[in-house]
Amino acid sequence: MKVLVFGSFNIDKVYLLERLPERGESLYCKTYEVHVGGKGLNQALAFKKAGADVFAAGKVGAEDGAYLTDYLKAGGVDISAVYATGAHTGHTIIEVDPDGQNQMILFGGANRELTPEECDRILEKHSDADLILTQYETSCVEYMLEKAHAIGMRTALNPSPYVPAVKNLPYGCVDILILNESEGQNITGEADPAAVVRALKKLGAGTVILTLGADGAVYFDGENETRVPAFHVRAADTTGAGDTFTGYCLCALLDGKSPAEALRLGAGAAAIEVTRPGAAETIPDLDEVLRFLEER
Ligand code: ADP
């Protein structure tokens, strides 16, 4: 199975402080950590760990992007369509206090410099992929979905993070729409998950998968609705839960598994991931996920 993940590749810089700074104030931090991130990177790794051949596509800075491409390569992901430009790699400055409250500065950088010509180049090379998966952290998402759909590729969209422009994405070009509850509520204006998935389906997507955090996930294809609970675990850090779920669940669906089986696999992988601090680095291997599911 071949999957093309067109998305963001980000450096996360995490500063732990005694407290978040006031306006105009300078504070020393207690610790500083650098992590790989970006929804494209996380979902590419999750898909790879679930068993797919993954081709990452996107853009990083020529000088500071190797940290990310080396990490993907070491994880077995093909990086030949991750272009390096003169711009800076996308990064996030994350300030965290001891209670876990945070504030962030997001810099899209190279992720937001992808052009339609580059999208064409990517598709020319990878139109044989079984699925193209994208999110909303790069430029050209609309273009990529429309083009991929027009040439007959199967498409999946995780319309995240939510910004009002997400409401105008070409949902009729999306075969599988996968998103979390607050994103679904923001897009549709509905509150109840059953109403949210129905309203999302009306936008034109083939299948809708709505994740509900510790309450599980719902699959709706217009006729059948399948709901699967989350596993009870002691969550340490839920960052990356949705990305882990997305890679594993979509891989199982492409593999011909039933919606219930696919959602359960996604939930198992995400349950393990949330027990560990971190995101990309803590996505479990398939063996571990299968053992976890066997024990339940
Ligand atoms: P996102 O990370 O995009 O906000 P969710 O919070 O909906 O997405 O989480 C995605 C999936 O991860 C859920 O459907 C669930 O299976 C799993 N998950 C998330 N939080 C927990 C938790 N506290 N305990 C167990 N599983 C969780």
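Counting starts at 1 for both ligands and their atoms, in listed order.
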Atom 11 (C) of ligand 1 [closest protein heavy-atom partner, distance rounded to 0.1 Å]: F245 CD1, 3.9 Å
In terms of atom number and element, which parts of ligand 1 are under 4.0 angstrom from non-hydrogen atoms of G242? 1 (P), 2 (O), 3 (O), 8 (O), 10 (C)
Regarding ligand 1, does G213 bring an N or O atom to under 3.5 Å of one of the ligand's N or O atoms? yes
Closest protein heavy atom to atom 26 (N) of ligand 1, given as residue, atom name and distance to 0.1 Å: A230 CB, 3.8 Å
Ligand 1 to A270, heavy atom cutoff 4.0 Å, flagged ligand atoms 12 (O), 17 (C)
Tell me, which protein residue and heavy-atom name are nearest atom 8 (O) of ligand 1, and how many Å apart are they? T211 OG1, 3.5 Å
Does E25 pair with R19 as a salt bridge, N-O distance under 4.0 Å? yes
Is the shortest heavy-atom distance from the side chain of S139 to the side chain of K59 under 4.5 Å? no
Looking at ligand 1, does any of its N/O atoms fall within less than 3.5 Å of an N/O of G216? yes
Identify, by atom number and element, the atoms of ligand 1 in contact range of V233, meaning under 4.0 Å from any of its heavy atoms. 24 (N), 25 (C)
Indicate yes or no: does D237 engage R276 in a salt bridge with an N to O separation below 4.0 Å. no
Hey, are the side chains of T134 and N158 touching, using non-hydrogen atoms and a 4.5 Å cut-off? no
Using a plain distance cutoff, I'd like to know if K39 has any nitrogen or oxygen under 3.5 Å from a nitrogen or oxygen of ligand 1. no
Element-labelled atoms of ligand 1 that are located less than 4.0 Å from some non-hydrogen atom of A267: 16 (O)
Please state which option from T238, N42, N180, L179 has its nearest heavy atom closest to atom 3 (O) of ligand 1. N180
Residue pair F220 / T207, side-chain heavy-atom distance below 4.5 Å: no
Answer whether the closest heavy-atom distance between the side chains of F6 and I122 falls below 4.5 Å. yes
Need the ligand 1 atom indices (1-based, order shown) with element for anything under 4.0 Å from a heavy-atom of F231. 24 (N), 25 (C)
Given the side-chain rings of F47 and Y248, with only the six-membered ring counted for Trp, is the space between their centroids under 6.0 Å? no
Carboxylate-amine/guanidinium proximity below 4.0 Å for R198 and E190: no
Pairing of K2 and D53 as salt bridge, 4.0 angstrom limit: no
Out of all atoms in ligand 1, which are within 4.0 Å of some heavy atom of A235? Include the element for each. 23 (N)
